[in-house]
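Report on the structure given below.
Chain letters run A, B, ... following the sequence lines, proteins first and then strands; every chain starts at 1. Just so it is clear, the values below take in all heavy atoms, side chains as well, and ignore hydrogens, waters and symmetry mates.
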Protein chains: 2
Amino acid sequence: MATIYEVAARAGVSPATVSRVLNGIAVSPAYADRVLAAAEELNYVPNRTAQRLRRRSSEVIALVIPDIENPFFTALARGVEDRALDAGLSVVLCNSDEQEDKESRYLQVALSEHMAGVILAPASDHPDLDAIVAMSTPVVAVDRSAHGYDLDTVVMDDVASGRTATERLYAEGHSVVACITGPATVETAQNRAEGWRQVFAQRSPGAEPDAYLVHSNYRVDGGQAAMASLRALPEPPDAVFVANNLMGVGAMQALATDDAVGIAVLGDLPFGMFPRPGASVLPLPARELGVTAADLLLQRLNGDIGPARRIVLDSAP
Amino acid sequence: MATIYEVAARAGVSPATVSRVLNGIAVSPAYADRVLAAAEELNYVPNRTAQRLRRRSSEVIALVIPDIENPFFTALARGVEDRALDAGLSVVLCNSDEQEDKESRYLQVALSEHMAGVILAPASDHPDLDAIVAMSTPVVAVDRSAHGYDLDTVVMDDVASGRTATERLYAEGHSVVACITGPATVETAQNRAEGWRQVFAQRSPGAEPDAYLVHSNYRVDGGQAAMASLRALPEPPDAVFVANNLMGVGAMQALATDDAVGIAVLGDLPFGMFPRPGASVLPLPARELGVTAADLLLQRLNGDIGPARRIVLDSAP
DNA sequence: ACCGTGGCAGAAATCGATTTCTCAGTCAAC
DNA sequence: GTTGACTGAGAAATCGATTTCTGCCACGGT
């Protein structure tokens with residue numbers, strides 16, 4: 001692995017000159033040619049580690065998401081990647097698995113790696129960002145906000161989505177619409193359920209909402225289990241609003257061919273899966289979230305130091 | 001961001017001593033306590049960049065996969081991650097999108113980042129690994145082999161899988177079994193098709209195999225299109241072997257409710273999707289591939305310098 | 001009592017690139 | 001002709017941690 005010193009020696013110049021040539025700083029053309037030739041011959045690749053140590057900055061951003069197996073988040077990640085790669089940044093993808101300790105471990109890594117920035121879909125409402133913020137590393141919260149910090153944030157209007165989906169089921173003629181949402185600690189899960197609760201209170205005024213609200217884990221197995229528990233109720237609902245795509249898949253599996261129960265799922269089903277007949281699927285702007293978050297981060301990296309912004313995307317694109 | 005010098009100053013010792021304490025090298029207890037206290041108070045986190053530069057090694061491995069949206073590869077990635085995290089390594093996930101230029105870009109990054117090792121599912125048969133190999137960075141090929149290099153490799157017996165799946169369709173009574181496989185440049189696609197070809201030649205002796213073999217892109221849309229083109233043939237097949245999971249989903253979508261056509265898919269369907277009635281799905285040991293590849297890499301990182309190994313996993317776990 | 005040994009901590013070199021500082025040489029103006 | 005501004009390239013400092021080299025001190029043996 002050639003170093004800048006070897007290139008310098010071969011070109012008969014000082015390392016400083018090599019550095020200047022490679023960084024586009026004015027140097028007489030004769031020298032520049034010699035340097036470039038030497039670099040070429042030695043197959044020189046700058047050592048990023050040394051570069052980063054000296055420059056005290058890196059060209060890598062961390063993207064921390066709670067579930068790498070959920071296409072919603074991989075689509076979001078794609079959005080981030082596309083923008084970041086265009087800007088010459090690399091993205092390292094970190095999977096927190098909805099676990100706070102894994103999340104803080106990755107944040108710790110981002111810190112000690114001196115990464116240029118972080119885009120975070122927090123696993124908990126109150127992630128510990130003190131250290132990162134103290135370094136003034138720019139952080140953007142995406143999909144879920146990070147309470148306790150004044151961060152750039154990109155989210156959707158989850159309450160409205162919950163209302164819309166629930167409203168649609170009532171409009172189809174169902175009389176009791178239940179709700180399967182995510183972990184009670186996750187903001188999107190709370191908000192989507194809140195949307196449902198508003199409509200439920202209005203449309204099923206006698207009923208007890210808590211009996212028809214199930215918190216689960218945002219994954220396929222959780223959706224399946226939640227649907228099973230709802231059907232086991234003494235007075236089962238005749239429709240259900242499912243607050244994310246994977247639980248939607250699970251719920252539809254649990255319903256199998258029983259099409260007496262109406263279902264509305266928030267978030268595109270993976271891989272263009274066909275929903276069961278009669279089910280409705282409300283798309284979410286996953287990729288758009290990623291793109292927008294990356295844009296905000298890039299602005300910060302370019303020196304923007306205005307106040308934190310909060311962008312709420314239309315949840316029904 | 002505190003440095004080791006500040007910790008040293010606060011503890012009233014030299015930076016060398018701080019380093020020794022933090023790395024578990026014998027130091028008198030009195031000093032050790034002072035250092036640990038100072039580090040605690042200053043919230044000291046070692047600068048990985050400096051560490052890496054000095055140690056000339058990193059604790060990060062790159063995992064390069066061709067499609068982050070394919071659950072087969074995310075499962076594989078999970079396997080790698082689990083093993084790597086246990087061993088104290090971080091994994092950065094790189095998505096080559098089946099494109100050679102993106103792949104070599106990420107390999108370039110791995111190189112200049114001096115990553116500890118690379119696990120690669122090559123997008124092309126002949127990836128350019130000269131530079132990486134020259135650095136003697138350990139590389140493990142997974143799922144697909146890297147021709148032209150003598151690398152540790154973990155693959156499955158794709159030819160056998162192709163045979164098994166095709167055989168099963170003929171055993172079910174179908175008379176002409178077509179094959180939808182991946183890009184002609186991808187080894188697994190070639191091998192799975194080869195398995196099909198062997199059985200096809202034997203069971204449909206008169207027919208022209210090339211008419212019933214479609215190369216597509218290993219994604220849902222490709223499976224859909226391929227199936228449509230097969231059905232448009234003058235003498236359409238009455239069954240089809242689909243060589244990966246996502247194309248299987250697409251093919252089943254294209255068939256919709258037409259259950260005259262038999263189908264066998266290689267690789268678990270995403271998210272526990274139910275195959276259409278009568279379809280068979282042959283699972284693949286995706287996670288196991290990742291785990292095994294990580295194990296091989298870890299052995300190399302621990303100094304194993306034996307000859308390259310080639311591990312062929314049972315494709316039907 | 002003196003010399004050799006070993007342990008422990010500090011000083012300094014090191015990793016590889018960037019950047020500031022320094023200095024030699026050029027050219028123009030007075 | 002001399003001075004001063006300017007250009008361009010090399011020397012050296014720097015980033016923050018690790019590690020080798022040094023040297024001090026205490027202890028033990030003769």
Exercise for the section: Output every pair passing ring pair (Phe, Tyr, Trp, His ring centres under 6.0 Å) with a member in residues 72-105 of chain B, not counting sequence neighbours, ordered by first then second residue. Expected result: none
Report all interatomic pairs (protein N or O, nucleotide N or O of nucleotides 19-23 of chain C) with separations under 3.5 Å.
none

Problem - OP1 or OP2 of C/dT18 under 4.0 Å from side-chain N/O of A/Arg52 - result: no
Exercise for the section: Please check the phosphate of D/dG10 (OP1 and OP2 only) for any side-chain N or O of A/Ser14 closer than 4.0 Å. Expected result: yes
Exercise for the section: Could you check whether A/Val18 gets within reach of a base, just the sugar-phosphate, or nothing at all, counting any heavy atom under 4.0 Å? Expected result: nothing
Problem - Donor-acceptor contact present, side-chain B/Glu100 to main-chain B/Ser124, <3.5 Å - result: no
Handout entry: Nucleotide C/dG16, atom P - distance to CD of B/Glu113 in whole Å
Key = 15 Å
Fill in the blank from the handout: What residues 33-45 of chain A contributes to the DNA chain D interface at heavy-atom separation below 4.0 Å is none
Practice task
Would you kindly give the CD-to-P distance between B/Glu6 and D/dG16, to the nearest whole Å?
Solution key: 8 Å
Problem - Pairwise ring pair (Phe, Tyr, Trp, His ring centres under 6.0 Å) hits with a residue in residues 101-149 of chain B, at least two apart - result: B/His126-B/His147
Pull out every protein N or O sitting under 3.5 Å from an N or O of nucleotides 5-8 of chain C, one pair per line with the distance.
none

Exercise for the section: Grab the CG-P distance between A/Leu53 and C/dT18 for me, whole Å please. Expected result: 11 Å
Fill in the blank from the handout: Per the under-4.0 Å heavy-atom filter, residues of residues 130-138 of chain A near DNA chain D come out as none
Practice task
When you get a sec, tell me which of D/dG10, D/dA17, C/dG16 is the closest nucleotide to the side chain of B/Ala50?
Solution key: D/dA17
Exercise for the section: Please state how far atom CG in B/Leu22 lies from atom P in D/dT18, giving the value in whole angstrom units. Expected result: 7 Å
Exercise for the section: Using a cut-off of strictly less than 4.0 Å, decide whether A/Gln51 has a side-chain nitrogen or oxygen near OP1 or OP2 of C/dT18. Expected result: yes
Practice task
Under the salt bridge (charged side-chain N to carboxylate O under 4.0 Å, His left out) rule, what do A/Asp67 and A/Arg219 come out as? Steps first, then yes or no, please.
Solution key: CA-CA 9 Å; A/Asp67 185 4; A/Arg219 293 200 309 264; 5.6 Å; no
